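Chain naming here is simple, since letters A, B, ... match the order of the sequence lines and numbering starts at 1 in each. Everything quoted here is computed from the prediction, not taken from an experiment.
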Protein chains: 4
Amino acid sequence: MPIMEVKILPLGTKTASVSEYVVNAVKVLNKNDIKYELTSMGTIIEADSVECLFDVAKQMHKAALSQINRVVTFIELDERIDKELTIEGKLKSAQEKLMV
Amino acid sequence: MPIMEVKILPLGTKTASVSEYVVNAVKVLNKNDIKYELTSMGTIIEADSVECLFDVAKQMHKAALSQINRVVTFIELDERIDKELTIEGKLKSAQEKLMV
Amino acid sequence: MPIMEVKILPLGTKTASVSEYVVNAVKVLNKNDIKYELTSMGTIIEADSVECLFDVAKQMHKAALSQINRVVTFIELDERIDKELTIEGKLKSAQEKLMV
Amino acid sequence: MPIMEVKILPLGTKTASVSEYVVNAVKVLNKNDIKYELTSMGTIIEADSVECLFDVAKQMHKAALSQINRVVTFIELDERIDKELTIEGKLKSAQEKLMV
């Protein structure tokens with residue numbers, strides 16, 4: 001399963017607080033019933049296919065852009081074909097090695 | 001016009017040189033007749049729509065993944081609706097202000 | 001307080017699994033007694049100053065590079081001067097707006 | 001030689017145009033007599049050491065933050081120890097393979 005992180009940065013928002021724009025983008029995931037994790041630096045999303053991930057990333061970008069004149073969206077897509085990738089699995093693998 | 005930068009990072013390659021994977025991804029752009037600029041840190045792409053940009057980003061990612069078991073792709077999408085964005089225009093705007 | 005996210009990508013690792021390199025970098029944070037949160041896509045770090053954050057980012061990069069010939073490190077630094085930024089505060093602000 | 005790309009994103013600016021902030025950050029490089037290339041999506045910097053690169057990145061971030069309440073700075077650091085990395089060398093290597 002591919003995993004994607006999306007970071008929404010609205011430009012020209014007048015104040016330095018931008019979470020209302022980010023939240024509008026994240027609501028897209030609730031509507032699409034997509035598995036995600038919100039962190040302080042972005043939104044990590046897990047889905048069955050890259051097509052699905054790119055589709056929700058596009059919707060998130062457009063949701064933010066419906067509120068403001070300019071949006072810069074950063075996306076990181078991690079996909080491997082030799083092994084299943086999941087949000088929990090990746091994190092657990094690192095945490096276990098940290099314990100040693 | 002939206003602008004996108006794509007960075008392809010193949011993981012688990014035998015050597016530290018990865019340009020052959022990057023190049024396979026960039027060839028997708030030639031096939032699709034898309035306007036792009038290759039830099040030492042990524043590929044900057046200009047297209048009429050976000051749909052088109054996401055479509056070629058997906059193709060680039062998949063082209064790299066056809067050669068190796070894992071690919072991490074970083075994407076930055078810059079779109080504004082109050083003004084036309086172009087690769088040349090953005091660069092020129094910064095260069096002119098640098099001169100002052 | 002500034003917040004930083006660090007993503008370590010070792011290139012040329014022979015296998016697609018790279019968490020052992022990431023973990024070596026994260027151990028730097030334990031040694032420095034720095035507040036951080038590990039996610040499935042990176043490490044989010046909070047510190048009193050940008051100087052401290054850049055210093056640990058450099059140490060993390062070098063720790064990974066001590067094991068492998070090439071490392072690409074992605075860093076995102078978020079700093080604002082009108083308001084305190086914390087990992088918990090940023091996340092809570094977004095989560096509360098999501099509830100509405 | 002390590003290479004770094006820096007992207008400066010000021011948040012809370014009055015308009016969607018942000019190049020004046022970016023330019024103030026880039027002027028730091030002129031003052032420090034650092035080799036760099038301006039692209040439409042960021043600034044690519046080459047220096048003898050990671051220490052030097054982190055130092056100018058910090059100065060660039062602070063230069064932008066002196067004009068606005070919040071700045072998000074994205075940094076990508078590429079370093080390999082088995083071979084010299086240069087802006088021209090990396091680009092040429094990809095361009096040559098594209099020709100084939």
**Study point:** Lys83(D) versus chain C, the contacting section by heavy-atom distance below 4.5 Å
**Key:** neither
Review point. Do you know which of Arg70(C), Lys58(C), Arg80(C) has the most heavy-atom pairs under 4.5 Å to chain D?
Key: Arg70(C)
Point to revise | Segment of Leu11(D) engaging chain C (4.5 angstrom heavy-atom cut-off) | key: neither
Study note, to complete from the structure: Separation between CD1 (Ile75(D)) and NE2 (His61(C)), nearest 0.5 Å, reads 12.0 Å
**Study point:** Proximity breakdown for Lys7(C) and chain D, heavy-atom pairs closer than 4.5 Å
**Key:** neither
Check your understanding: Would the number of heavy atoms belonging to other residues, nucleotides or ligands and lying under 6.0 Å from CG of Asn30(C) be above 12?
Key -> yes
Check your understanding: Any chance NZ of Lys92(D) has more than 12 other-residue heavy atoms, nucleotides or ligands included, within less than 6.0 Å?
Key -> no
Practice item. Any chance you could measure Ile8(C), atom CD1, to Leu77(D), atom CG, to the nearest 0.5 Å? Key: 9.0 Å
Point to revise | The single option from Val71(D), Asn69(D), Ile68(D) passing side-chain contact (heavy atoms from CB on, under 4.5 Å) against Ile81(C) | key: Asn69(D)
Review point. For Leu85(C), is it the side chain, the backbone, both or neither that has a heavy atom under 4.5 Å from a heavy atom of chain D?
Key: side chain
